[in-house]
Amino acid sequence: MAKSSSTALLGFAVAAVSVFSFLVNLAQAQHATAATDPSEARALNSIFTKWGISASTVQSAGWNISGELCSGTAIDDTTIDNTTYSPLIKCTCSFNNDTTCRIAALKVYALDVSGEIPEELWTLTYLTNLNLGQNYLTGSLPPAIGNLTRMQYLSFYINALSGELPKELGNLTELIELGFGSNRFNGPLPSELGKLVKLEKLYMDSSGVSGPIPSTFKNLINLRIVWASDVDFTGRIPDFIGNWTKLEALWFQGNSFEGSIPNSFSNLTSMMRLGISGLSNGSSTLEFIRNMKSLTKLELRNDNISGPIPSYIGEFSGLTQLTKHQRGDDKGLLGIDTKLCTFSYLELRNATNDFNLDNKLGEGGFGQVYKGTLNDGRVIAVKQLHAGSHQGTSQFINEITTISAVQHRNLVELYGCCIEGDKRLIVYEYLENKSLDQALFGNCLNLNWTTRYNICVGVARGLAYLHEESRLRIVHRDVKSSNILLDYALVPKISDFGLAKLYDNEKTHISTQVAGTIGYLAPEYALRGSLTEKADVFSFGVVVLEIICGRRNSDLSLEEEKVYLLEWAWNLFENNRVIELVDPRLSEFNEEEVKRIVGVALLCTQTSPALRPSMSRVVAMLSGDIEVGPVTSRPVYFTDWNFDDATSLMADVATNGANTSYYISASTNSSVVGSAEISQMNSKPIIDSSIGKK
Ligand SMILES: *[C@@H]1O[C@H](CO)[C@@H](O)[C@H](O)[C@H]1NC(C)=O
Ligand SMILES: *[C@@H]1O[C@H](CO)[C@@H](O)[C@H](O)[C@H]1NC(C)=O
Ligand SMILES: *[C@@H]1O[C@H](CO)[C@@H](O)[C@H](O)[C@H]1NC(C)=O
Ligand SMILES: *[C@@H]1O[C@H](CO)[C@@H](O)[C@H](O)[C@H]1NC(C)=O
Ligand SMILES: *[C@@H]1O[C@H](CO)[C@@H](O)[C@H](O)[C@H]1NC(C)=O
Ligand SMILES: *[C@@H]1O[C@H](CO)[C@@H](O)[C@H](O)[C@H]1NC(C)=O
Ligand SMILES: *[C@@H]1O[C@H](CO)[C@@H](O)[C@H](O)[C@H]1NC(C)=O
Ligand SMILES: *[C@@H]1O[C@H](CO)[C@@H](O)[C@H](O)[C@H]1NC(C)=O
Ligand SMILES: *[C@@H]1O[C@H](CO)[C@@H](O)[C@H](O)[C@H]1NC(C)=O
Ligand SMILES: *[C@@H]1O[C@H](CO)[C@@H](O)[C@H](O)[C@H]1NC(C)=O
Ligand SMILES: *[C@@H]1O[C@H](CO)[C@@H](O)[C@H](O)[C@H]1NC(C)=O
Ligand SMILES: CC(=O)N[C@H]1CO[C@H](CO)[C@@H](O)[C@@H]1O
């Protein structure tokens with residue numbers, strides 16, 4: 001440890017006189033009317049150096065720091081929250097009577113910065129606003145964080161921070177907002193957090209903490225928004241929450257609470273959005289909502305709610321969503337036995353202009369997707385299941401329950417759904433830039449190398465979250481380019497959870513029904529029905545190759561040696577020619593990154609699931625935090641499986657688009673590949689061949 005920190009200091013000294021000297025130009029600063037405190041400038045310099053944030057990154061964010069750090073956007077009247085620039089600082093120059101400026105706000109948001117938080121950060125004691133959200137920060141939060149006592153807005157949301165939360169967080173008594181959700185912390189919430197009496201917003205969902213909510217939290221009566229889903233909170237939901245009378249939103253879904261919903265909740269008259277799920281060992285009635293006249297969304301699932309929906313609910317004019325589910329009997333998964341009433345069919349028909357073909361966005365798994373605009377102006381994507389779709393109600397419910405139980409930047413967001421008669425519709429956020437396969441193979445977007453690289457990292461993060469970080473461990477089972485959507489900023493979002501399955505990392509599930517898409521299916525799963533999260537890792541590897549090469553995983557129109565992407569990639573890899581894989585449309589790319597990514601893709605597609613890395617390791621490898629391990633064995637592709645009719649199978653798939661999700665009923669016998677009957681879960685019957693006669 002001591003050795004590495006002295007190396008870091010040396011690195012700083014070298015950097016300070018070369019690339020990063022622009023940050024601290026004291027000679028120039030003397031002419032300015034207000035100058036940044038030199039020790040703060042040095043600290044920031046050092047932090048940015050360690051995080052690999054360069055002068056050009058800063059420049060393109062509209063922050064000109066040649067010369068004086070506290071100038072330009074760092075001192076204009078925006079806040080770090082209402083500009084899109086990142087990284088950015090804000091200075092305040094009004095301390096004492098001197099003209100020294102201090103760093104009052106620091107934003108390093110969504111920059112994919114990785115590594116630990118440099119200790120210099122804890123010397124910036126004038127900070128009131130620190131946003132390090134959506135990066136890949138690792139390591140723990142040290143007690144020194146307690147030195148930043150002026151802090152009002154603090155966010156570490158969506159990172160990979162670990163360890164226990166330091167009790168010194170309780171020293172930050174000016175805090176108004178605190179976000180540490182979507183991280184890998186462990187241990188309890190420190191009782192000292194109860195000292196944060198000014199706190200109004202607390203985001204701690206999927207943070208990894210556990211145990212009971214400390215009794216000191218009774219003091220947090222200024223809380224307005226609390227996100228606490230997907231956290232292993234135990235014990236009863238505390239009665240004192242009924243004293244948080246300013247609460248407008250409270251999310252307690254997927255916790256381990258027991259008992260009932262406290263009666264004191266009836267005092268939460270400002271509540272607008274409330275979700276509670278998975279309360280074991282208790283029973284509640286809906287009586288507590290009597291005075292919640294401002295409710296717009298109420299979601300109660302598996303809470304053993306009894307009694308009728310009260311008649312006064314009609315007076316709740318803002319209530320657009322009431323979801324009341326009870327435990328189902330399917331795969332231990334959250335179940336539904338009542339209708340979701342979120343959007344009416346009529347409303348969605350209206351929104352999509354009667355499912356007008358002009359509004360059709362594409363073909364999702366099992367159904368068509370339309371763009372729509374609701375009366376309130378919100379733009380949505382609506383998936384309408386085919387009348388003849390084989391996706392049954394259970395897959396439909398599966399999709400809704402799975403996706404509503406998870407939340408991540410790289411997963412598509414569910415807005416709601418509608419079942420009316422035999423009509424089944426799912427409503428998602430609308431994503432401007434369509435699907436990855438349309439971008440890659442449809443020539444509609446020109447994705448440059450940086451964008452492609454970021455898409456690989458984003459998809460990897462979404463999967464790492466599903467597999468390792470969310471409390472529900474989920475295998476997606478249908479990872480493919482057409483199931484990855486791109487938002488306005490080309491951030492990838494995984495969609496289509498119709499085939500998703502909960503899994504238990506201790507066990508390999510053997511199933512008789514294999515589901516997925518040919519070309520992306522992991523061999524052990526396709527042949528033996530043996531399912532772990534490593535099946536997704538395989539599919540991810542295939543998608544990555546498609547991203548690099550800008551072509552589908554199989555394409556019969558290409559020269560023979562290129563038809564099967566995995567095979568071609570492996571041949572080039574063996575001959576040290578992987579650069580030839582790169583999409584010819586890319587005029588610029590980074591050769592080192594190409595080699596790294598291809599290495600990762602080949603590791604992910606190893607035949608033995610044990611040789612495939614976990615998705616968190618994939619993220620680390622893609623970010624360059626750890627070395628890409630050795631790729632040892634040639635990946636298996638359909639052509640290697642000795643199917644009697646493998647060629648005709650591939651031909652069928654290729655001509656009809658290798659893009660459709662299938663169910664395959666396979667033998668569970670693991671030593672012999674039994675006859676597997678493939679039937680398509682789509683209206684067009686294409687393939688009806690027997691595979692697997694070894
Ligand atoms: C940035 O600041 C330097 C020094 O104050 C100045 O010379 C330069 O013109 C500025 N650049 C821009 C783009 O504003
Ligand atoms: C940003 O917020 C500050 C403080 O609320 C306000 O004064 C300023 O006008 C806002 N700027 C923009 C560009 O919205
Ligand atoms: C600032 O200057 C004023 C006027 O000279 C003086 O009264 C005041 O005490 C000074 N404040 C500080 C914090 O030094
Ligand atoms: C935190 O503050 C204490 C007391 O002011 C000081 O001794 C310590 O060095 C500070 N820690 C850091 C990391 O700045
Ligand atoms: C900071 O927090 C620690 C642990 O809760 C406590 O012992 C210490 O007194 C606090 N320091 C200050 C200045 O409040
Ligand atoms: C709620 O606040 C009141 C008034 O401060 C207090 O008397 C009561 O004990 C609190 N309830 C709980 C459950 O903490
Ligand atoms: C609601 O708050 C009032 C006033 O603080 C208190 O008397 C009452 O007991 C609370 N109701 C419940 C059900 O806790
Ligand atoms: C259920 O609640 C009862 C009474 O509070 C308690 O004795 C029992 O241990 C609880 N069971 C479980 C499984 O939590
Ligand atoms: C559900 O609530 C009913 C009372 O409404 C109770 O009899 C039953 O034991 C509860 N079930 C569980 C699993 O707690
Ligand atoms: C359908 O749209 C029209 C206007 O475009 C609106 O007046 C009507 O209320 C809408 N109906 C529903 C059910 O949303
Ligand atoms: C790559 O494309 C993105 C999005 O279109 C764009 O913001 C970025 O500047 C491009 N990068 C390069 C190096 O061209
Ligand atoms: C690269 C590209 O075409 N991006 C588009 C994504 O969507 C936004 C919003 O519609 C467009 O402005 C971009 O041009």
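Counting starts at 1 for both ligands and their atoms, in listed order.
Both the sub-6.0 Å distance and the 45° axial angle are satisfied by Arg150 relative to the ring of Tyr126.
Judged by distance alone, the side chains of Lys167 and Ser191 never bring a donor and an acceptor atom under 3.5 Å apart. In the model, Ser256 has a side-chain atom that pairs as donor or acceptor with a side-chain atom of Asp232 under 3.5 Å. There is no side-chain donor-acceptor pair under 3.5 Å between Asn281 and Asn304. Side chain to side chain, Asn243 and Lys218 fail the donor-acceptor criterion of an N or O pair below 3.5 Å.
In this structure, Asp496 pairs ionically with Lys383, as a charged nitrogen and a carboxylate oxygen lie closer than 4.0 Å.
Each of the atoms 13 (C) of ligand 7 lies under 4.0 Å from some heavy atom of Asn263. Remark: ligand 7 atoms within the under-4.0 Å shell around heavy atoms of Ser266 are 13 (C). Proximity to Ser264 (heavy-atom distance under 4.0 Å) selects the following atoms of ligand 7: 12 (C), 13 (C), 14 (O).
Sorted by chain then number, the residues whose non-hydrogen atoms approach ligand 9 to under 4.0 Å are Asn281, Gly282, Ser283, Asn304, Ser306.
For the atom pair CG of Leu463 and CD of Glu468, the computed distance is 10.0 Å after rounding to the nearest 0.5 Å.
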